[in-house]
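Below is one structure; the comments refer to it alone.
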Amino acid sequence: MTENISEKSINKAVLVGLNAGCLSREENADEESLEELSALLETAGGQTVGIAFQSKDSPDARTFIGEGKVQEVKELVQNAGADMVIFDNPLSPSQQRVLTEELGVQVLDRAALILDIFAQRARTREGRLQVELAQYKYLLPRLTGMWGHLVRQNASGGKSPIGTRGPGETQLETDRRHIRRKIAKMEEELKEVRRVRATQRDRRIKNEVPVVAIVGYTNAGKSTLLNALTGSDIPANNRLFDTLDTTTRTLEISDTCTVLLSDTVGFISKLPHHLVDAFKATLEELTFADLLLHVIDASNPLWREQTQVVEQLIYDLKASQTPRIDVFNKSDLYTGDIIPHGEDIVSISAKTGQGLDDLLAAIGKRLDKGTFQVVIHLPYDKGGILDVLYREAKVESVEYAETIQVGAVCTTKLLGQIKDYVVEGWKPPKEPWED
């Protein structure tokens with residue numbers, strides 16, 4: 001597993017990035033991505049003490065950045081007293097192993113750092129399970145370089161010390177088999193999580209409770225928005241990946257429209273694919289949501305690039321067909337000339353409350369299906385209608401008095417069928433000749 005950075009007082013790290021013409025934008029590093037990497041390191045409890053940047057036509061197969069640059073980074077590590085080097089680019093297991101040997105300190109890549117942050121932040125059993133699964137998948141191809149300090153058995157005995165000879169497997173093979181078993185077990189447990197979620201989802205659908213999922217780049221203000229809309233006190237701090245475990249709260253949009261509002265883990269560029277895979281048990285809520293609120297940090301000059309990252313991940317999770325409202329948060333700090341506007345675009349400040357009424361109205365417009373909150377008095381010989389109400393309406397209360405008094409939220413179509421028994425909340429529309 002990756003070393004938990006929080007176990008030391010403060011790790012000092014040199015950050016390294018490579019920009020190569022043959023690499024994709026996702027694989028390359030630039031000034032902005034290195035700034036974000038520094039913020040990730042700070043979130044993990046570390047400190048940036050130096051930055052090295054390299055431009056090459058293509059990565060070096062052995063050291064990724066080339067022998068000369070490795071020596072430059074090594075001097076930077078020694079002069080700054082760093083105890084680790086973190087690459088903004090993904091490293092192959094062999095490159096990571098070679099660089100660790102060459103530089104004499106622990107070498108991580110961006111994926112390993114994000115995994116460490118997730119390991120620190122996960123609180124629920126489900127969250128911890130997902131992080132551990134992602135860590136094992138990251139670790140499996142990197143095992144070779146982690147057992148150099150152990151003597152391995154070999155089938156023929158060879159020159160192994162007394163007590164280690166025999167026909168057994170190598171330590172490496174044993175560990176790989178053990179980790180594969182662990183991965184299989186965790187995947188089965190996450191399938192059970194998905195099964196439970198599916199049951200809960202079916203219950204919500206039966207009760208006709210719409211689900212609104214809050215998505216967005218990490219630190220865009222999703223938890224602050226959830227708190228502002230629902231009056232919750234979910235911790236909302238100005239740091240990356242502050243929310244890992246999905247939080248769901250009830251939000252009353254109007255008398256006839258109540259929704260479940262879910263906060264989700266923040267997205268980030270270069271998010272490790274195995275981490276996305278592990279968190280699908282949580283993120284699949286996006287696929288089944290009735291509406292997405294894409295929260296965008298309007299105060300960040302790179303909001304367009306961040307929006308593209310979120311859009312791509314929404315597409316990867318097969319949720320691109322879900323209706324969406326773009327919510328430009330922190331608009332009180334926006335420095336541009338004209339803040340984005342248009343249909344299904346709302347500008348707010350979750351911190352000050354600015355624009356929240358407009359957002360609620362936009363959600364209501366999307367999800368309120370023209371229902372009415374009514375009181376119905378059923379004669380006892382019409383009690384069968386109560387079964388219809390339970391099937392086709394949202395029954396809120398039932399009292400048995402001289403009649404069966406029902407409080408329910410009903411569609412116009414259903415109200416037309418039981419109009420003789422509706423005593424409050426709705427009147428049949430008048431025919432033209434009745435005016």
Side-chain angles (χ1 to χ4, degrees), residues 1-7 26-27 44 59-64 84-87 89-122 125-194 244 270-283 316:
M1 307 293 284
T2 57
E3 182 180 346
N4 192 319
I5 294 174
S6 64
E7 289 176 359
E26 181 83 1
E27 296 170 313
D60 183 84
R62 181 172 178 271
T63 63
F64 193 68
M84 65 170 47
V85 172
I86 303 175
F87 278 71
N89 315 75
L91 297 174
S92 71
S94 62
Q95 287 167 342
Q96 192 170 350
R97 187 164 63 250
V98 167
L99 285 164
T100 298
E101 292 170 0
E102 295 272 343
L103 297 174
V105 294
Q106 184 183 18
V107 175
L108 304 177
D109 59 12
R110 186 185 180 99
L113 180 61
I114 291 174
L115 282 169
D116 187 274
I117 294 169
F118 273 49
Q120 292 183 44
R121 293 278 184 272
R125 176 182 170 276
E126 178 192 347
R128 287 195 292 267
L129 189 66
Q130 291 177 126
V131 171
E132 196 172 348
L133 174 60
Q135 286 181 310
Y136 274 123
K137 285 186 174 181
Y138 179 86
L139 173 62
L140 190 58
R142 289 167 170 78
L143 275 178
T144 306
M146 301 184 70
W147 290 106
H149 63 289
L150 294 178
V151 177
R152 299 189 180 98
Q153 293 179 326
N154 55 62
S156 61
K159 296 181 180 179
S160 300
I162 294 173
T164 66
R165 286 187 287 264
E169 297 174 292
T170 66
Q171 181 67 54
L172 183 59
E173 289 166 347
T174 304
D175 291 334
R176 279 180 177 153
R177 202 156 48 84
H178 174 68
I179 288 178
R180 287 192 184 105
R181 277 201 306 267
K182 291 277 287 183
I183 287 173
K185 182 174 182 292
M186 288 177 190
E187 286 176 337
E188 282 300 314
E189 290 184 52
L190 282 172
K191 279 183 186 176
E192 177 62 17
V193 169
R194 288 191 179 99
L244 285 191
K270 307 181 186 180
L271 192 64
H273 289 298
H274 46 268
L275 198 53
V276 175
D277 289 341
F279 271 77
K280 275 183 178 173
T282 301
L283 294 173
D316 292 343

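- In plain terms, the two heavy atoms of L190 and Q130 that are nearest each other are CD2-CG, 3.5 Å.
- In this structure, CD in Q135 is found 11.0 Å from CD1 in I179, a value given to the nearest 0.5 Å.
- With rounding to the nearest 0.5 Å, the separation of CG in L115 from CZ in R110 is 12.5 Å.
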Worksheet item: What's the verdict on side-chain contact (heavy atoms from CB on, under 4.5 Å) for M186 and K137, showing C-alpha distance, side-chain angles and the deciding distance?
Response: CA-CA 11 Å; M186 288 177 190; K137 285 186 174 181; over 6 Å; no

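- Electrostatic pairing of K185 and E189 counts as a salt bridge here, judged by a charged N lying under 4.0 Å from a carboxylate O.
- Considering OH of Y136 and CZ of R181, their distance stands at 11.5 Å, rounded to 0.5 Å.
- The backbone N or O of A61 lies less than 3.5 Å from a partner atom in the side chain of Q95, making a donor-acceptor pair.
- Residue L91 holds its CG atom at 11.0 Å from CD1 of I86, rounded to the nearest 0.5 Å.
- Remark: the backbone N or O of P90 is not paired with any side-chain donor or acceptor of E27 at under 3.5 angstrom.
- No donor-acceptor pair closer than 3.5 Å links the side chain of D109 to the backbone N or O of F87.
- Here the CD-CG distance, from E187 to L129, works out to 10.0 Å after rounding to the nearest 0.5 Å.
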Discussion item. Please evaluate residues L140 and R176 with respect to the criterion side-chain contact (heavy atoms from CB on, under 4.5 Å), reporting the C-alpha separation (whole Å), side-chain torsions for both, the decisive distance (0.1 Å), and the verdict.
Written reply: CA-CA 7 Å; L140 190 58; R176 279 180 177 153; 4.1 Å; yes

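- With rounding to the nearest 0.5 angstrom, the CD1 atom of I117 is 4.5 Å from the CG atom of L113.
- Residues R97 and S94 are in side-chain contact: their nearest non-hydrogen atoms beyond the backbone lie under 4.5 Å apart.
- With a 4.5 Å cut-off on side-chain heavy atoms, L99 and V85 do not count as touching.
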